[in-house]
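The next block holds one structure in the form of structure tokens; read it before the comments.
Note that this is a predicted model, so its numbers are computed, not measured. First listed ligand is number 1; within each ligand, the first listed atom is number 1.
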Amino acid sequence: MTGGAGFIGSHLCDRLIARGDDVVCADNLITGQASNVEHLRGNPQFHFVQVDVSRPFAIDGPIDQIFHLASPASPRGYLEKPLETALVNSQGTQHALELAKRTGAKFLLASTSEAYGDPLVHPQPEDYWGNVNPIGMRSCYDEGKRFAEALTMIYVRQFNVDARIVRIFNCYGPRSDPRDGRIVPNFVTQALLGQPITVYGDGSQTRSLGYVSDLIDGLLRAMDTVDTIGRVYNLGNPDERSVLEFAQVIKRLAGSSSVIEFHPPISTDDPQRRCPDITRARRELGWEPRVPLEQGLLDTIAWFRIRLGLTTVPG
Ligand code: UDP
């Protein structure tokens, strides 16, 4: 797995190890964190290599599956590291695909709902081509991922690599980085610390938040289901809400007295609406999200309470 020390990658490491796999976790730790996989160190099924997959790298031994997750993924993460983001999605993806070609491993590219840009079709099905600003601040990420998708399809068509692509919609849960500036870490931290909850813009823009355990189920199904070579799947929860509504729900569930403040957006091109059409994943993978928003948020709030030192026992 590339990006195995990230928020999603570390949960995927846990699940693969629990089902008996040996996992090589490759990460350069620019946005991933060693603490996310600290509990796996010493486990004979787990092997950590600190490596930048944008540069050529070698992994010894037979490989059955490659999950390519490496990339900064939060707007703050990729706006701070635009070159690294563009390169890990271009050169890094090629290196991971070459490894799949050489070893015969199955391959999964973690792409993103950002591939749809600021969508003009709603909700977004996989065959929508998107509305992306190729020279905008976000292009290191959204165009980077679109290039990664194009490269993956070249390796499918030209070299018969057994690859599939998933487009991940906003994901949240325990281990999401409290400093990465995303909606859930920000709002939960602010609510728990009694700080103002910072809504960017008027809060009418929408997102659909998916809980991390549901996403991990979807990643495994996309990799393991037969006849998924060259297929693209949206993985997300279609429960669409406005950003203001997320602020209100999190404030309530955290039992917080924080005020909700409106701030200017931190980046241009903030997509106004985002919601996955998951018909294809339902039909072809037999997958759909199971964790309702409030349940997922309560679990996330409990983890943040510990992370922020507000309690030592899960709430
Ligand atoms: N957002 C917000 N306040 C915050 C963090 C995020 O209003 O403190 C908004 C952001 O402007 C966007 C949405 O929440 O409209 C989701 O932002 P996030 O950074 O989580 O991910 P994105 O979907 O933009 O990649």
Side-chain angles (χ1 to χ4, degrees), residues 6-8 31 69 71-82 85 89 110-119 122-124 130-133 136-146 166-173 175-212 215 234-251 254 256 258-276 293 296-297 300-301 304 308:
F7 157 51
I8 294 170
T31 53
L69 272 59
S71 175
S74 70
R76 180 178 292 170
Y78 57 74
L79 293 172
E80 280 174 4
K81 301 226 179 303
T85 303
N89 284 299
S111 185
T112 170
S113 56
E114 297 258 340
Y116 301 119
D118 192 0
H122 196 80
Q124 294 82 55
N131 175 41
V132 175
N133 178 355
M137 301 285 285
R138 288 176 177 250
S139 63
C140 58
Y141 186 65
D142 52 30
E143 292 289 22
K145 288 290 187 188
R146 286 164 68 96
V166 297
R167 297 193 181 130
I168 300 172
F169 284 65
N170 296 64
C171 179
Y172 72 101
R175 293 189 205 145
S176 50
D177 184 349
R179 295 154 308 175
D180 78 5
R182 283 197 240 209
I183 182 167
V184 172
N186 267 16
F187 287 0
V188 169
T189 303
Q190 292 160 347
L192 288 176
L193 297 180
Q195 298 166 349
I197 297 179
T198 55
V199 169
Y200 302 149
D202 64 5
S204 64
Q205 71 272 39
T206 68
R207 290 295 187 274
S208 309
L209 299 181
Y211 192 63
V212 65
L215 173 65
N234 286 336
L235 294 180
N237 191 326
D239 182 2
E240 180 186 9
R241 317 267 182 120
S242 72
V243 164
L244 179 57
E245 200 179 337
F246 287 123
Q248 290 161 340
V249 173
I250 289 171
K251 177 177 154 149
S256 170
S258 291
V259 294
I260 295 177
E261 282 182 359
F262 295 88
H263 290 249
I266 58 160
S267 83
T268 51
D269 306 329
D270 191 4
Q272 286 308 294
R273 301 184 77 185
R274 188 182 287 158
C275 179
L293 179 70
L297 284 175
T300 307
I301 290 167
F304 270 83
L308 295 169

Checklist entry - Contact residues of ligand 1 with a heavy-atom cut-off of under 4.0 Å? => result P75, E114, R138, N170, G181, R182, I183, N186, F187, T198, V199, Y200, Q205, R207, V243, D270, R274
Checklist entry - Is R138 paired with E143 through a side-chain N to carboxylate O contact shorter than 4.0 Å? => result no
Checklist outcome for this item: Closest non-hydrogen atoms of A191 and S256, given as atom of the first, atom of the second and distance, are O-OG, 2.8 Å
Checklist entry - Any side-chain heavy atom of T112 sitting closer than 4.5 Å to one from D142? => result no
Checklist entry - Under the 3.5 angstrom rule, does the side chain of Q124 hit a backbone N or O of C275 as a donor-acceptor pair? => result yes
Checklist entry - For A73, what residues pass the side-chain contact (heavy atoms from CB on, under 4.5 Å) criterion, not counting sequence neighbours? => result Y141, R182
Checklist entry - Does a side-chain N-to-carboxylate-O contact under 4.0 Å join D177 and R76? => result no
